[in-house]
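Below, all heavy atoms of this structure are taken into account, side chains as well, without hydrogens, waters or symmetry copies.
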Amino acid sequence: MPLSEHEQRMLDQIERALYAEDPKFANTVRETNPAVHYKRWILKASIGFFVGVALLMGGVIAQQVAVGVIGFIVMLACTLWGMSGYRRVANGGGAETKAAPERGQRRQRPGVMDRFEERWRRRQEGDH
């Protein structure tokens, strides 16, 4: 949703004030790519996953069930964390997020039943 003229002017004014107050910080913020942040998430999650594998294997070797369970939980948590970062990188660096559809609103992509109904309609009209 685009900003109104008033909102755009206010945003420009805030940006100019930020540059006047702290130009180094403003340049750092402007040049920061969110994808870099999420790639770090993926790297940290990968390291955490391997730590979880080590804990799991250590628990099995030492016959300590609690250590093995903790290792599995660490692996699971790091996998979810890494997948979240990967999805955000794959969606364009997380710069823009799509708004969730409102409740009761249908998806834009046709479902299986819609395709079946369309095929049935074409057969009835003779458009094999």
Side-chain angles (χ1 to χ4, degrees):
M1 184 169 136
L3 298 174
S4 69
E5 284 185 41
H6 176 70
E7 292 170 332
Q8 187 63 45
R9 281 194 307 265
M10 293 296 292
L11 185 61
D12 292 339
Q13 182 181 7
I14 292 170
E15 188 175 341
R16 283 192 302 272
L18 179 62
Y19 264 110
E21 186 176 317
D22 193 355
K24 185 177 177 183
F25 175 72
N27 282 331
T28 302
V29 171
R30 176 172 275 199
E31 293 172 1
T32 302
N33 184 358
V36 173
H37 176 69
Y38 296 123
K39 287 179 184 177
R40 285 188 199 132
W41 273 18
I42 295 169
L43 179 64
K44 290 176 184 177
S46 300
I47 293 168
F49 181 83
F50 288 115
V51 168
V53 169
L55 282 172
L56 179 66
M57 297 305 288
V60 169
I61 291 170
Q63 296 180 352
Q64 296 291 322
V65 176
V67 175
V69 169
I70 290 171
F72 179 76
I73 291 171
V74 168
M75 288 170 49
L76 181 64
C78 288
T79 300
L80 294 174
W81 187 32
M83 288 176 61
S84 173
Y86 177 76
R87 267 191 240 117
R88 291 182 181 192
V89 167
N91 287 339
E96 294 181 16
T97 57
K98 294 181 181 179
E102 292 183 25
R103 228 179 182 171
Q105 189 179 24
R106 288 188 60 115
R107 294 181 297 174
Q108 296 296 329
R109 193 174 63 166
V112 173
M113 290 304 293
D114 293 331
R115 290 193 302 255
F116 284 149
E117 289 174 4
E118 179 64 24
R119 287 181 190 163
W120 179 259
R121 186 188 57 77
R122 280 187 279 159
R123 283 187 187 149
Q124 293 299 321
E125 293 174 356
D127 295 340
H128 300 278

Please report the shortest heavy-atom distance between M75 and L56, naming the atom on each side.
SD-CD2, 4.0 Å
Does E7 reach the main-chain N or O of S4 with its side chain, forming a donor-acceptor pair under 3.5 Å?
yes
Could you see if F72 belongs to whatever hydrophobic cluster contains I61? Use Ile, Leu, Val, Met, Phe, Trp, Tyr and a side-chain cutoff under 4.5 Å.
no
Is the backbone N or O of I42 less than 3.5 Å from a side-chain atom of S46, with the two atoms forming a donor-acceptor pair by type?
yes
Report the distance from atom CD of Q8 to atom CG of L11, rounding to the nearest 0.5 Å.
5.5 Å
Would you please test R115 and E118 for side chain to side chain contact (heavy atoms under 4.5 Å, CB included) and show each step?
CA-CA 5 Å; R115 290 193 302 255; E118 179 64 24; 5.6 Å; no
May I ask whether W81 and Y38 are part of the same hydrophobic cluster, defined by side-chain heavy atoms of I, L, V, M, F, W, Y residues being less than 4.5 angstrom apart, directly or through others?
yes
Just verifying a value: how many Å separate F50 CZ and L55 CG, rounded to the nearest 0.5 Å?
13.5 Å
Taking all heavy atoms of R88 and all of W41, pick out the closest pair and write down the distance.
NH1-CH2, 3.7 Å
Hey, are E125 and R122 close enough for a salt bridge, meaning a charged N less than 4.0 Å from a carboxylate O?
no
Are the side chains of Q13 and R16 in touch, meaning some heavy atoms are under 4.5 Å apart?
yes
